[in-house]
Amino acid sequence: MTYLEQSSAAGRHIFPDLARAFALIGIAVVNVGVFAHPFVAGYSAGGMETAADQGAYFAVNALTFMKSYTLFSFMFGVGFAYQLRSAERRGAAFSNLYWRRIAGLFILGAIHGTFFFQGDILAIYAMLGAILFPFRNSDVKSLIRIGIFLYLCQLLVIGAIAGLLALGAAFEPEAMAEDLQLMEDEAATALAVYGSGSFLEVSQLRFREWLDMLVFGNLMQGIGALSFFFFGFAAVCLDTIATPAAPFWRRCRTMFLPIGIFGSILGAYIMNRGDGFMDPPMMFGMFIIVLFSPFSTMGYLGLIAKWAEGPAGRLKVFLARGGTASLTAYLLQSVILSLTFCGYGLGYFGQLGAATCIIIGLGVGLVSLVFTSLWRKRFARGPMELLLRRWTY
């Protein structure tokens with residue numbers, strides 16, 4: 001059975017599968033910085049030495065940073081709606097299946113965060129998915145209103161952090177200097193451990209950073225991700241996911257996209273003027289990017305919808321088929337990137353500039369999709385999807 005036949009039989013559509021594929025590529029080019037340089041410092045710890053590095057960093061911030069995760073989160077909401085509808089069609093008890101799936105996702109996230117990538121989103125998605133569940137019977141207007149409210153809360157959090165950093169720099173420079181020194185010490189530890197440590201030593205440090213990420217990630221991105229869960233759920237309820245030719249998607253690419261790109265370019269420019277996460281311009285630039293991220297995300301969805309409208313060409317089907325195994329692709333990216341940069345692998349941690357790292361990230365993102373698409377050509381599900389499904393059922 002071909003991809004299109006399988007999708008039709010399962011009530012799926014090519015549009016969301018294409019969106020997952022593009023989100024995975026964007027996630028890889030953003031996440032590679034955490035694999036390649038200390039988590040607390042990013043590229044500012046030796047990765048911004050050339051104009052090419054600064055240009056590549058600017059491009060990633062303008063085009064994918066704080067947008068790939070919202071696109072992926074939107075698709076999580078879409079997947080939630082699909083699972084709910086599937087259970088209803090089969091007369092199955094959705095509650096039991098969903099909680100087993102959430103538990104399995106958290107366990108996978110804990111393993112992933114400990115051994116491969118401290119910036120894991122699976123455990124965070126499991127925690128946020130638990131919050132989404134009670135709203136499964138909400139009407140569309142309520143879903144959209146809750147999503148908007150949550151995103152405003154995310155803006156408030158990041159804006160408050162940016163404001164506190166600015167106040168600290170102005171009125172408490174000594175305390176700021178002490179905090180900066182602590183971050184530099186943590187970065188030095190990361191360079192030593194990730195750069196030349198054993199697998200066990202790296203895993204011990206990565207586990208501690210993953211625990212921090214459960215708090216920091218939910219604070220900086222989790223609220224916004226949850227808001228896009230609601231938007232994705234609402235899109236299925238409105239049947240816009242099933243209709244890529246809907247006027248809404250045309251509005252997204254013609255109206256929302258230019259606004260989002262303009263704001264993201266402005267935010268990326270400000271971020272490039274900052275020097276590390278403790279520098280107020282860096283956080284203010286991030287705030288600007290987050291402010292305009294919904295416009296960019298919906299604009300990207302509008303572009304993908306336009307492509308999904310046309311004939312199912314080979315490239316389109318190939319990418320969409322890879323997008324059906326997004327869990328496998330996401331985890332595969334981490335395995336490849338951890339082996340590339342950690343000392344127990346090729347050992348390039350802290351040695352490459354942003355431009356080189358981002359090119360590697362792009363390549364790994366594409367390789368992960370090639371693998372999942374070829375796998376799905378022969379098997380009904382991706383290997384990690386099959387594992388999670390067996391646990392769920």
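FYI, side chains are in, hydrogens and waters are out, and symmetry mates aren't considered; it's all heavy atoms of this structure.
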Which of parallel (below 30°), tilted (30 to 60°) and perpendicular (above 60°) describes Phe76 and Phe229? parallel
Can you give me the closest heavy-atom contact between His37 and Leu352, atom names plus distance? NE2-O, 2.8 Å
With a 6.0 Å cut-off (strictly less than), is the heavy-atom count around CZ of Phe262, excluding the residue itself, greater than 12? no
Supply the atom-to-atom distance Leu337 CG to Cys357 SG, rounded to the nearest 0.5 angstrom. 9.5 Å
Is any side-chain heavy atom of Arg321 less than 4.5 Å from a side-chain heavy atom of Arg376? yes
For Arg273, does the CZ atom have more than 12 heavy-atom neighbours from other residues, nucleotides or ligands under 6.0 Å away? no
So Met298 and Phe248, do their side chains get closer than 4.5 Å, heavy atoms only? yes
Thr297 side chain to Thr70 main-chain N or O, any donor-acceptor pair under 3.5 Å? no
Sub-4.5 Å side-chain heavy-atom contact between Leu200 and Gln204: yes
State whether Phe133 and Arg136 meet the cation-pi test: NZ (Lys) or CZ (Arg) under 6.0 Å from the six-membered ring centroid, and within 45° of the perpendicular axis. yes
Donor-acceptor contact below 3.5 Å, side chain Arg20 vs main chain Gly323: no
Determine the sole option in Ile223, Leu226, Leu128, Val157 for which the side-chain contact (heavy atoms from CB on, under 4.5 Å) test with Asn218 is passed. Leu128
First locate atom OG of Ser293, then atom CZ of Phe295, and finally report the distance between them rounded to the nearest 0.5 Å. 10.0 Å
Check: Ile360 and Phe35 side chains under 4.5 Å, non-hydrogen atoms: no
More than 12 heavy atoms of other groups within 6.0 Å of Phe287 CZ: yes
Distance, nearest 0.5 Å, that separates CZ of Phe115 from OG of Ser338: 12.0 Å
Counting distance only, does the side-chain N/O of Thr243 pair as donor-acceptor with the main-chain N or O of Thr240 below 3.5 Å? no
Determine, stepwise, if the pair Ile265 / Phe58 fulfils side-chain contact (heavy atoms from CB on, under 4.5 Å). CA-CA 8 Å; Ile265 289 174; Phe58 170 83; 3.8 Å; yes
Aromatic ring proximity Phe80/Phe94, centre distance under 6.0 Å: yes
Decide yes or no for Met127 and Leu214: does some side-chain heavy atom of the first lie under 4.5 Å from some side-chain heavy atom of the second? yes
Measure the CG-CD1 distance between Leu319 and Ile14 for me, rounded to the nearest 0.5 Å. 9.0 Å
Let me confirm one number: the CG-CG distance from Leu71 to Leu24, rounded to the nearest 0.5 Å. 9.0 Å
Examine Leu105 and Leu97 and state if one hydrophobic cluster contains both, with Ile, Leu, Val, Met, Phe, Trp and Tyr joined whenever side-chain heavy atoms are less than 4.5 Å apart. no
Linked, directly or transitively: Val370 and Leu18 (ILVMFWY side chains, under 4.5 Å): no
Exam field: side chain Gln118 to backbone Phe207, donor-acceptor pair closer than 3.5 Å: no
If only atom types and distance count, is the side chain of Arg381 paired as donor or acceptor with the main-chain N or O of Arg389 below 3.5 Å? no
Could you go step by step and tell me if Phe199 and Tyr344 meet the ring pair (Phe, Tyr, Trp, His ring centres under 6.0 Å) rule? CA-CA 6 Å; Phe199 183 80; Tyr344 55 77; 5.1 Å; yes
So, using side-chain contact (heavy atoms from CB on, under 4.5 Å) as the criterion, who are the partners of Ala162 when residues are at least two apart? Met283
Using modelled atom types only, decide if a donor and an acceptor are shared between the side chain of Glu385 and the backbone of Ser326 within a distance under 3.5 Å. yes
Are Phe22 and Phe318 co-members of a hydrophobic cluster defined by side-chain heavy atoms under 4.5 Å apart? no
Check the pair Phe349 / Ser196 against side-chain contact (heavy atoms from CB on, under 4.5 Å), numbers first and verdict last. CA-CA 9 Å; Phe349 190 85; Ser196 57; over 6 Å; no
Provide the closest heavy-atom pair for Met75 versus Pro16 in the form atom of the first, atom of the second, distance. SD-O, 3.5 Å
Which pair of heavy atoms, one from Ala234 and one from Ile144, lies closest together, and at what distance? CB-CG1, 3.9 Å
Sort and list the pairs that fulfil side chain to side chain donor-acceptor pair (under 3.5 Å) and have at least one residue in residues 53-68, not counting sequence neighbours. Thr50-Asp53, Lys67-Ser264
Heavy-atom donor-acceptor pair, Trp99 side chain to Ala130 backbone, under 3.5 Å: no
Can you confirm whether Leu122 sits close enough to Leu331 that some side-chain heavy atom of one is under 4.5 Å from a side-chain heavy atom of the other? yes
Might you confirm whether atom CZ of Arg390 has over 12 heavy atoms from other residues, nucleotides or ligands at distances under 6.0 Å? no
Is it possible for you to say whether Leu156 and Leu167 belong to one hydrophobic cluster, with membership spreading through side-chain heavy-atom contacts below 4.5 Å? no
Do Leu219 and Phe284 belong to the same hydrophobic cluster, where Ile, Leu, Val, Met, Phe, Trp and Tyr are linked whenever their side-chain heavy atoms lie under 4.5 Å apart, directly or via other members? yes
CD (Gln181) with more than 12 external heavy atoms under 6.0 Å: yes
Spell out, as yes or no, whether a donor-acceptor pair under 3.5 Å connects the side chain of Ser227 to the backbone of Gly224. yes
Determine whether Arg145 and Asp139 make a side-chain contact, defined as any pair of heavy atoms from C-beta on separated by less than 4.5 Å. no
Verdict with supporting geometry, Ser138 and Phe230, side-chain contact (heavy atoms from CB on, under 4.5 Å): CA-CA 10 Å; Ser138 300; Phe230 281 92; 6.0 Å; no
Can you tell if the side chain of Thr372 reaches within under 4.5 Å of the side chain of Leu332, non-hydrogen atoms only? no
Do any N or O atoms from the side chain of His112 and from the backbone of Gly119 form a donor-acceptor pair under 3.5 angstrom? no
For residues Gly232 and Val78, report the shortest heavy-atom separation together with the two atoms involved. O-CG2, 3.6 Å
Would you tell me whether Ser73 and Tyr125 have side-chain atoms, one donor and one acceptor, within less than 3.5 Å of each other? yes
Step by step, work out the side-chain contact (heavy atoms from CB on, under 4.5 Å) result for Glu309 and Trp249. CA-CA 11 Å; Glu309 282 184 55; Trp249 297 122; over 6 Å; no
Give, for atom CD1 of Ile288 and atom CD1 of Ile158, the distance between the pair rounded to the nearest 0.5 Å. 11.0 Å
Tell me if the aromatic rings of Phe231 and Phe228 count as close, with their centers under 6.0 Å from one another. yes
Any idea which heavy atoms bring Cys252 and Gly302 closest together, and the distance? CB-CA, 4.2 Å
Please check if the side chain of Arg206 supplies one atom and the backbone of Thr114 the other of a donor-acceptor pair under 3.5 Å. no
Quick one: closest heavy-atom pair of Gly365 and Ala28, and the distance? CA-CB, 3.7 Å
